[in-house]
Amino acid sequence: MDGSVGPMRVLVTGGSGLVGRAIERVVKKEGEEREGEEWIFLSSKEANLMSAEETRAAFEKHRPTHVIHLAAMVGGLFRNMRQNLDFWRNNVFINDNVLQAAHEFGVVKVVSCLSTCIFPDKTTYPIDETMIHNGPPHESNFGYAFAKRMIDVQNRAYFQQYGLRYTAVIPTNVFGPHDNFNIEDGHVLPGLIHKTYLAKKEGKPLQVWGSGRALRQFIYSLDLARLFLWVLREYDEVEPIILSVGEEDELTVKDAVDAVVEAFGFEGEVIYDTSKSDGQIKKTANNAKLRKYLPDFKFTPFKQAVKETCDWFAANYDTARK
Ligand code: NAP
Ligand code: GDP
C-alpha cells in the first residue's frame with residue numbers, strides 16, 4: 001500500500017473505455033477488489049472533463065482518495081494525422097482539469113496514462129522512461145504527444161511544490177474487449193479485427209493499410225489492468241514507468257494481421273495498401289524497470305489475447321463501439 005490510512009476510494013476517469021472496462025472487470029469480476037477499497041468508474045456522460053466546473057463537481061460528489069486518470073481523446077494513426085489540434089487542446093484541458101481537481105480535493109495519489117507513441121521520433125533504441133522529453137515526437141501525432149508529455153511535467157511540479165506523488169504509466173499499443181473498433185478512427189488491432197470480420201462476412205479481400213512492416217509492442221487490456229492495480233497500490237515513484245511486453249515480443253503489423261486472420265479463420269485475399277502511411281516505423285520500448293519490480297509477471301500470449309478479442313467482437317457486434 002502507499003501508506004495512506006482509511007478506506008481507499010478510487011475514481012477512474014475514462015472508466016467506460018477500453019482500459020477502464022478492463023480495470024473494472026479485473027476489480028469487480030475477477031475478485032481483485034480488496035477490502036477497504038471502493039471503485040467509481042466515470043464516463044463522459046457523467047462529467048465532461050473538458051469543463052473545469054464539471055470536473056470539480058465530479059470530485060465534489062465522489063470525494064476520491066485515489067485517481068486512475070484514463071480519460072483522453074484517443075485514436076489511431078490516421079485520426080491523429082487529421083486532428084492534431086483537437087488532440088492537443090482536448091487532452092491539455094482534460095489533464096489540467098483532472099490533476100488540479102485532484103490536488104484541490106486532497107487526492108493522495110493519481111496514476112495518469114501516457115503512451116510509448118509520445119517519445120522522440122529520432123532516438124536510440126530501446127526507449128526508456130528517461131527519454132520522454134529528448135526531442136520532438138513523430139509528426140503524425142505531435143498534438144497528442146505533447147499534451148501527454150505535459151502530464152509528466154505537471155506531475156513533477158506537483159511533487160516539487162506540494163510533495164504530491166502523482167505519477168504516470170506508459171503503455172504500448174493496447175487492445176481488448178470494449179476497444180473502439182471504428183475503422184477510420186481506431187488503432188490498428190481493432191481496425192483489423194473489424195475489417196477482417198466484414199471481409200469474411202462479405203467475401204471480400206482484407207485491406208491492410210501501409211506495408212505491414214512497422215513494428216509494435218501490443219499489450220492486452222486485461223494485462224494492463226492488472227499492472228495498473230499494482231501501480232496504484234505499490235508503485236511509489238513520481239517518475240513514470242513503461243508497461244510493456246519485452247523487446248523480444250515486438251511484432252510487425254503483418255504478424256498482427258496474421259493473428260487476426262487466423263483467429264477468424266479468414267481465407268480470403270489480404271491486400272497491403274502501401275499508399276497509406278506506416279506511421280512511426282518502430283518505437284521499441286524497454287521494460288527493464290517493470291521487470292525489476294515484477295520479474296514474474298506473466299503476459300497473456302498474443303495469439304490467445306487476439307482470439308479472445310475477436311470472439312468478443314463477433315459476440316458483441318451489434319453493441320460494440322464502431
Ligand atoms: P478509449 O477506449 O477511447 O476510452 C477513452 C475514455 O475517455 C472513455 O471512457 C471516454 O468516455 C473518456 N473521455 C474522452 N473524452 C472525455 C471527456 N471530454 N470527458 C470525460 N471523459 C472523456 O481509450 P483507451 O484506449 O481506454 O485509453 C485510456 C488511456 O490509455 C488514455 O489516456 C490513452 O491515451 C491511453 N493509452 C491508450 C493506448 C491504446 O492503444 N488504446 C495506448 C497507450 C495509452 P466516454 O466513452 O464515456 O465518452
Ligand atoms: P500507432 O501505433 O500510434 O502508429 O497507431 P495505430 O495503432 O493506428 O497503428 C498504426 C500502424 O498500423 C501503421 O503502421 C499502419 O500503417 C498500420 N495499419 C494497418 N492497417 C491499419 C488499420 O486498419 N488501422 C490503423 N489504425 N492502422 C493500420
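Numbers for residues simply follow the sequence, beginning at 1. Read the numbers this way: they start at 1 and go in the same order the structure lists the ligands and their atoms.
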Participant: I'd like to check which ligand 1 atoms, numbered from 1 as shown, lie under 4.0 Å from a non-hydrogen atom of Ser44.
Facilitator: 11 (O), 19 (N), 20 (C), 21 (N), 22 (C), 45 (P), 47 (O), 48 (O)
Participant: Would Phe78 count as being in polar contact with ligand 2, using the rule that some N or O on each side must be under 3.5 angstrom apart?
Facilitator: no
Participant: Using distance alone, with no hydrogens and no angle criterion, decide if Asn95 and His69 have a side-chain donor and acceptor under 3.5 Å apart.
Facilitator: yes
Participant: For atom 25 (O) of ligand 1, what is the closest protein heavy atom, and at what distance to 0.1 Å?
Facilitator: Leu18 CD2, 3.6 Å
Participant: Within less than 4.0 angstrom of ligand 1, does Asn180 place any heavy atom?
Facilitator: no
Participant: Would Lys322 pass as a cation-pi partner of Tyr317, given that its NZ or CZ must be under 6.0 Å from the six-membered ring centre and within 45 degrees of the axis?
Facilitator: yes
Participant: Find all atoms of ligand 1 within a distance of less than 4.0 Å from any non-hydrogen atom belonging to Ala47, and give their numbers and elements.
Facilitator: 19 (N), 20 (C)
Participant: Consider every N or O of Leu192 and every N or O of ligand 2, then say whether any pair is closer than 3.5 Å.
Facilitator: no
Participant: At the 4.0 Å heavy-atom cut-off, does His187 count as touching ligand 1?
Facilitator: yes
Participant: Looking only at distance, does Met73 have an N or O less than 3.5 Å from an N or O of ligand 1?
Facilitator: no
Participant: Measure the distance from atom 34 (O) of ligand 1 to every protein heavy atom, then report the residue, atom name and distance (to 0.1 Å) of the closest one.
Facilitator: Tyr144 OH, 2.6 Å
Participant: Touching ligand 2 at all, Ser140? Heavy atoms, strictly under 4.0 Å?
Facilitator: no
Participant: So, are Glu129 and Lys289 salt-bridged, with charged N and O less than 4.0 Å apart?
Facilitator: no
Participant: Looking only at protein heavy atoms, which one is nearest to atom 4 (O) of ligand 2, and what is the separation?
Facilitator: Arg216 NH2, 2.9 Å
Participant: May I ask you to check whether Lys148 has an N/O atom sitting below 3.5 Å from an N/O atom of ligand 1?
Facilitator: yes
Participant: What atoms in ligand 1 come closer than 4.0 Å to a heavy atom of Thr172?
Facilitator: 42 (C), 43 (C)
Participant: Looking at Glu247 and Lys282, is any side-chain nitrogen of the basic one under 4.0 Å from a carboxylate oxygen of the acidic one?
Facilitator: no
Participant: Applying the side-chain hydrogen bond (donor to acceptor under 3.5 Å, both in side chains) criterion to Ser211, which one of Thr252, Asp278, Asp273 satisfies it?
Facilitator: Asp278
Participant: Can we call the ring centroids of Trp209 and Phe78 under 6.0 Å apart?
Facilitator: yes
Participant: Counting heavy atoms only, which part of Lys283 comes closer than 4.0 Å to ligand 2: side chain, backbone, both or neither?
Facilitator: side chain
Participant: Just need the protein heavy atom nearest to atom 26 (O) of ligand 1, so name the residue and atom and give the distance.
Facilitator: Val19 N, 2.9 Å
Participant: Could you list which atoms of ligand 1 come closer than 4.0 Å to a heavy atom of Val174?
Facilitator: 38 (C), 39 (C), 40 (O), 41 (N), 42 (C)
Participant: So which heavy atom in the protein is nearest atom 26 (N) of ligand 2, and how far is it from that ligand atom?
Facilitator: Gly186 O, 3.1 Å
Participant: Can you sort out which atoms of ligand 1 are near Leu114, meaning under 4.0 Å from one of its heavy atoms?
Facilitator: 43 (C), 44 (C)
Participant: Show which atoms of ligand 1 fall inside a sub-4.0 Å distance from at least one heavy-atom site of Ser43.
Facilitator: 47 (O)
Participant: Measure the distance from atom 6 (C) of ligand 1 to every protein heavy atom, then report the residue, atom name and distance (to 0.1 Å) of the closest one.
Facilitator: Gly14 CA, 3.6 Å
Participant: Do Phe302 and Phe175 have their ring centres less than 6.0 Å from each other?
Facilitator: yes
Participant: Return the closest protein heavy atom for atom 16 (O) of ligand 2 as residue, atom name and distance.
Facilitator: Ser277 O, 2.6 Å
Participant: Can you check whether Arg321 has an N/O within less than 3.5 Å of an N/O in ligand 1?
Facilitator: yes
Participant: Between atom OH of Tyr220 and atom CZ of Phe218, what is the distance when rounded to the nearest 0.5 Å?
Facilitator: 14.5 Å
Participant: Can a side-chain donor-acceptor contact be found between Gln83 and Tyr144 if the only test is distance below 3.5 angstrom?
Facilitator: no
Participant: Centres of the Phe297 and Phe299 rings: under 6.0 Å?
Facilitator: yes
Participant: At under 4.0 Å between heavy atoms, is it the side chain or the backbone of Asn173 that contacts ligand 2, or both, or neither?
Facilitator: side chain
Participant: Please say whether Pro171 places an N or O atom under 3.5 Å from an N or O atom belonging to ligand 1.
Facilitator: no
Participant: Looking only at protein heavy atoms, identify the closest one to atom 8 (O) of ligand 2 and say how far it is in Å.
Facilitator: Leu77 N, 2.9 Å
Participant: Show me which atoms of ligand 1 lie under 4.0 Å from any heavy atom of Asn173.
Facilitator: 40 (O)
Participant: What protein heavy atom sits nearest atom 17 (C) of ligand 1, and how far off is it?
Facilitator: Asn48 OD1, 3.7 Å
Participant: Answer yes or no: does an N/O atom from Leu49 fall short of 3.5 Å to an N/O atom of ligand 1?
Facilitator: yes
Participant: In terms of residue, atom name and distance, what is the protein heavy atom nearest to atom 18 (N) of ligand 2?
Facilitator: Trp209 O, 3.3 Å
Participant: Is the distance from the ring center of Phe181 to that of Phe313 below 6.0 Å?
Facilitator: yes
Participant: Please work out which of Gly176, Cys113, Ala58 has its closest non-hydrogen atom nearest to atom 35 (C) of ligand 1.
Facilitator: Cys113
Participant: I need the nearest protein heavy-atom contact for atom 23 (O) of ligand 1: residue, atom name and distance, please.
Facilitator: Val74 CG2, 3.5 Å
Participant: Identify the protein heavy atom lying closest to atom 46 (O) of ligand 1, giving its residue, its atom name and the separation to 0.1 Å.
Facilitator: Ser16 OG, 3.2 Å
Participant: What residue and heavy atom of the protein are closest to atom 4 (O) of ligand 1, and at what distance?
Facilitator: Gly17 CA, 3.4 Å
Participant: Please work out whether any backbone atom (N, CA, C, O) or any side-chain heavy atom from C-beta onward of Lys195 is under 4.0 Å from ligand 2, and answer side chain, backbone, both or neither.
Facilitator: side chain
Participant: Search all heavy atoms of Val26 against all heavy atoms of Ala225 and return the closest pair with its distance.
Facilitator: CG2-CB, 3.8 Å
Participant: Applying a 4.0 Å heavy-atom criterion (strictly less than), which segment of Val253 is in contact with ligand 2: side chain, backbone, both, or neither?
Facilitator: side chain
Participant: Ignoring angles and geometry beyond distance, decide whether Gly279 reaches within less than 3.5 Å of ligand 2 through its nitrogen or oxygen atoms.
Facilitator: no
Participant: Where is the nearest protein heavy atom to atom 28 (C) of ligand 2: which residue, which atom, and how far?
Facilitator: Val188 CG2, 3.5 Å
